[in-house]
Amino acid sequence: MSRYDPATLEPKWQKAWDEAGTFLATRTGDKPKYYVLEMFPYPSGRIHIGHVRNYTMGDVIARYKLATGHNVLHPMGFDAFGMPAENAAMENGGHPADWIYQNIDTMVEQMKPLGFGLDWSRMFATSDPEYYGQQQALFLDFLKAGLVYRKNAVVNWDPVDMTVLANEQVIDGRGWRSGAEVERRELTQWFFRISDFSEELLDALDGLDDWPAKVKLMQANWIGKSRGLQFAFGLTEATTGHDRVEVYTTRPDTLLGASFIGISPDHPLARELEAHDPKVAEFCAMARRGGTTEEAIEKAEKLGYDTGLTCRHPFDTSWELPVYIANFILMDYGTGAIFGCPAHDQRDLDFARKYGLDVVSTFVPLSGDHVKPEDGGDAYVPPKTEKVHWTLPFNWDAEATGTEAIDAAIRFCEEKGVGHGVTKFRLRDWGLSRQRYWGCPIPVVHCDTCGVVPEKKENLPIELPRDVSFDVPGNPLDRHPTWRQTTCPKCGGAALRETDTMDTFVDSSWYFARFTAPRADTPTDMEEAAYWMNVDQYIGGIEHAILHLLYSRFFARAMHITGHLPEKCKEPFDALFTQGMVTHAIYVTRDENDRPVYHFPEDVEVHESGARLGATGQEVEVIPSAKMSKSKKNVVDPVNIIKTYGADTARWFVLSDSPPERDVEWTAAGAEAANRHLGRVWSLSDRIAQMDPGAAGEGDADLLREMHRTIRDVTLGVESFGFNAAIAKLYAFTNTLSRSKASHAAQREAVMTLAQLMSPMTPHLAEDIWARQGGTGLIAEAAWPVADEAMLVEDTVTLPIQINGKRRSEITVARDASKEEVEKIAMADDAVIRALDGGAPKKVIVVPGRIVNVVV
RNA sequence: GCGGGCGUGAUGGAACUGGUAGACAUAUCGGACUUAAAAUCCGUGGGCCGUAAGGCCGUGGGGGUUCAAAUCCCCCCGCCCGCACCA
């Protein structure tokens with residue numbers, strides 16, 4: 001008797017698919033197309049079990065769509081530019097390109113044994129000059145179309161290393177290498193005009209029916225459309241060049257509760273005061289310390305500097321409000337100035353209490369206990385849709401919602417000539433300049449006579465120079481002896497290249513389009529793009545819910561405008577699925593100083609009594625379900641898993657148990673169980689293959705009915721990303737089949753169908769079963785089974801009977817029994833008679849085909 | 001700090017659109033097979049009371065809507081993701 005042996009059968013079937021070209025994307029016949037894409041990986045060096053889960057999900061869809069008669073495009077590539085390659089070069093010497101391409105080779109080598117149905121012929125890395133050269137062409141077209149411009153923007157500046165830091169390189173406000181306090185410094189940078197598309201990007205979310213609601217909500221909040229009032233406070237005494245402070249507020253209804261004006265340290269007025277007053281300068285310098293992230297700014301202690309200036313309230317010119325410079329006000333949102341209403345904003349309240357400013361409520365709750373903030377309570381911030389009692393309205397009812405009051409306030413102020421209603425968006429333009437080497441060079445030159453000049457397309461790609469070093473901080477392109485020297489494309493005179501490279505988000509904002517024609521000598525081939533786009537199913541992590549997806553949506557529009565994508569591609573991802581992570585327990589012991597010492601799972605033996613180190617028997621603390629991280633050593637290497645159990649086991653396990661959108665915890669016991677199950681299926685098939693072909697049996701109809709139910713349930717599961725539920729059904733059907741005494745013909749049909757239903761998840765095992773049962777051709781190319789509707793209908797249904805909402809009994813009735821009939825049968829049920837105790841029911845609810853509830 | 005999400009037996013989870021909570025799997029325990037072990041197969045498998053029939057409790061905590069709530073609403077707790085230069 002043979003045994004399930006993935007080590008021999010997996011390579012065998014991978015070779016068979018390769019030779020048949022099963023997964024090459026082709027435009028054959030009049031089949032519909034299907035484009036399935038998983039977010040491409042960063043080539044960190046090794047694949048991660050999380051990748052296995054992500055790509056297995058995509059592969060299930062791809063194989064299922066192939067089996068249901070589609071031309072399938074399922075490509076793979078690498079997001080290869082970015083900081084880690086430079087960091088590796090800094091730490092270990094070597095060159096980022098060598099590091100990254102070695103990593104890519106390793107990862108491809110690790111991915112191939114997993115048997116993904118990928119069209120490897122379309123593979124590329126974003127660091128290939130063929131790719132980034134076309135990206136430069138796109139940039140030039142965007143520039144021509146007015147979608148790119150330059151302006152000043154703040155960066156994290158390390159004053160010791162004299163270099164720009166990424167947000168993740170700023171730790172507690174200090175540079176990660178130098179330890180110096182980071183400053184916010186302005187640089188001239190390139191920007192994409194994504195904010196011009198704010199309204200459109202927001203409105204179009206409505207059409208994305210197959211995107212998770214949470215992602216659409218996050219994007220909508222990020223774009224942040226707000227209706228507010230823009231107006232000016234007049235300064236009591238005009239200083240040089242400033243007689244007013246323009247503010248923007250989304251709560252003009254609280255204007256009568258204003259108690260101070262706050263301006264950003266980068267506000268022109270603050271700049272002006274800074275120039276003449278060392279104390280102001282000192283405060284502004286302090287306020288500019290720390291990182292640039294919104295998080296850092298919001299979490300920092302709220303500090304203000306009283307400028308001594310005052311403004312007049314627009315509705316009461318005798319009312320003067322102090323002007324503070326405050327560290328939490330951002331210059332690039334709104335006008336860089338606000339008015340503070342401490343009663344209805346906790347941040348303003350904290351600020352007011354700190355600096356002894358007035359607190360005036362403008363509204364209170366309709367009822368209930370309420371401690372006003374002026375009496376020591378918290379700021380009162382109800383939802384804008386809630387009706388409140390107004391103590392200081394302008395012209396609206398004493399009882400009105402925030403929304404009603406805001407609208408009324410805007411109308412009132414417009415009538416009085418105090419400002420005007422404006423719609424603003426939180427979304428800012430996309431800064432794409434990076435002062436780093438390992439990225440796509442921005443294809444422009446700086447000419448003393450002509451200024452900033454775009455490169456000529458025939459000079460593309462502008463390739464990165466190979467001879468660079470990373471021994472000193474800063475951008476190697478800046479200090480390269482010759483690379484910068486070039487001639488001006490316009491006047492032919494000497495000029496200097498731009499040394500900024502592009503944000504890696506640019507690379508990942510159009511790779512999905514490039515996959516449709518990866519070797520084209522233009523960014524896209526319109527005919528191929530028109531055929532394969534859009535991505536029918538996009539799969540990736542929730543961490544990309546905002547930036548990557550929003551940037552890609554912008555890029556698709558920009559590519560349409562510049563003639564690189566058809567109109568229908570403006571929303572490039574028809575359906576989106578965000579999968580969860582693979583987690584693993586952390587094993588930790590303590591050293592003599594009580595510091596944690598982490599251990600790899602393979603060094604730990606887990607028993608029901610606890611976990612111990614295999615080598616020493618020392619007891620180990622188990623922290624369950626933590627995100628895998630190298631430093632915590634709670635990682636499992638897919639390569640080891642494949643070696644131990646085979647690819648199918650790994651694929652089966654990452655899909656079973658947990659719903660795909662949720663995290664799944666990798667456990668050795670679970671992997672072993674998955675492996676045992678696949679072995680059982682193989683043995684079952686083997687047993688059936690060895691039956692006498694003419695063997696009769698009993699229960700054929702029952703087995704086949706169950707088979708058709710399984711076809712229905714698994715198909716539904718695969719189509720709705722319910723892979724775990726589909727696998728549960730496959731377990732159940734395997735149990736049914738293994739107990740069946742049906743004829744050989746019925747069992748053979750059942751096991752071949754089982755193999756087909758399993759084939760998207762465990763393709764190698766499925767091929768093997770198919771071949772051993774004498775199936776024709778490859779199972780990967782066989783048509784997906786279809787459930788026979790006639791086999792699915794049942795004559796009777798079992799209904800639960802509830803008494804007062806609790807299940808007490810059940811009855812079996814004809815499938816099409818009327819409400820009256822069901823009620824009659826229910827009332828004759830023992831449990832009901834007992835509960836009624838001779839009385840009449842208060843109410844009987846019959847939901848046909850569902851439930852009966854008797855209220856007594 | 002702000003925005004978004006998640007929380008169900010010892011464990012991973014199932015439950016269609018508000019309609020039998022715990023499918024399927026893992027651990028455990030009991031049994032069969034075996035000289036023995038592994039593998040395999042059969043059974044057990046939320047808690048409490050009860051010989052049983054049956055009853056009570058139970059989906060992070062508290063409250064609410066409903067004939068009926070894991071599912072809808074409000075408050076709280078814990079964890080996760082994002083916050084524009086990590087990818």
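Each chain gets a letter, A, B and so on, in the order its sequence line appears, and its residues count up from 1.
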Nearest atoms (heavy-atom pairs only) where A:G431 meets A:D503: O-OD2, 4.2 Å
Minimum-distance nucleotide (side-chain atoms of A:N221 versus B:G3, B:A84, B:C85): B:G3
Touch class at under 4.0 angstrom, heavy-atom based, for A:L427 against every strand present: base
Check: A:E823 and A:K819 side chains under 4.5 Å, non-hydrogen atoms: no
Between B:C86 (P) and A:M83 (CE): distance, integer Å: 6 Å
A:K214 with A:E661: basic N within carboxylate O range, under 4.0 Å: no
Protein-nucleotide distance (A:E661, atom CD; B:G5, atom C1'), rounded to Å: 11 Å
Sugar-phosphate only, base, or nothing, as touched by A:E301 at under 4.0 Å among non-hydrogen atoms: nothing
Pair A:S809-A:D829, side-chain donor/acceptor within less than 3.5 Å: yes
Residue A:A166, side-chain heavy atoms: nucleotide from B:G4, B:C67, B:C85 that is nearest: B:C85
Residue mapping more 5' on RNA chain B - nearest nucleotide basis, A:M218 or A:D503: A:M218
Annotated protein contacts, base or backbone, on nucleotides 15-25 of chain B with a non-hydrogen cut-off under 4.0 Å, one of B, S, - each: -B--BBS-BSS
N or O in side chain of A:R434 less than 4.0 angstrom from B:C85 OP1/OP2: yes
Between B:C81 (P) and A:E295 (CD): distance, integer Å: 12 Å
Over all atoms of both residues, closest heavy-atom pair of A:V215 and A:A545: CG1-O, 3.6 Å
A:T293, nearest nucleotide to its side chain (from B:A84, B:G5, B:C67): B:A84
Nearest listed nucleotide, side chain of A:T504, among B:G55, B:C85, B:A87: B:A87
A:R676 side chain, from C-beta outward: closest of B:G4, B:U26, B:C85: B:U26
Check: A:V506 and A:W430 side chains under 4.5 Å, non-hydrogen atoms: yes
Sub-4.5 Å side-chain heavy-atom contact between A:Y55 and A:P41: yes
Base-pairing mate for B:C67 - Watson-Crick or G-U, with both contacts under 3.5 Å: B:G19
Interatomic distance where NE2 belongs to A:H544 and P belongs to B:G4 [whole Å]: 21 Å
Integer-rounded Å distance: B:U40 P and A:Y4 OH: 14 Å
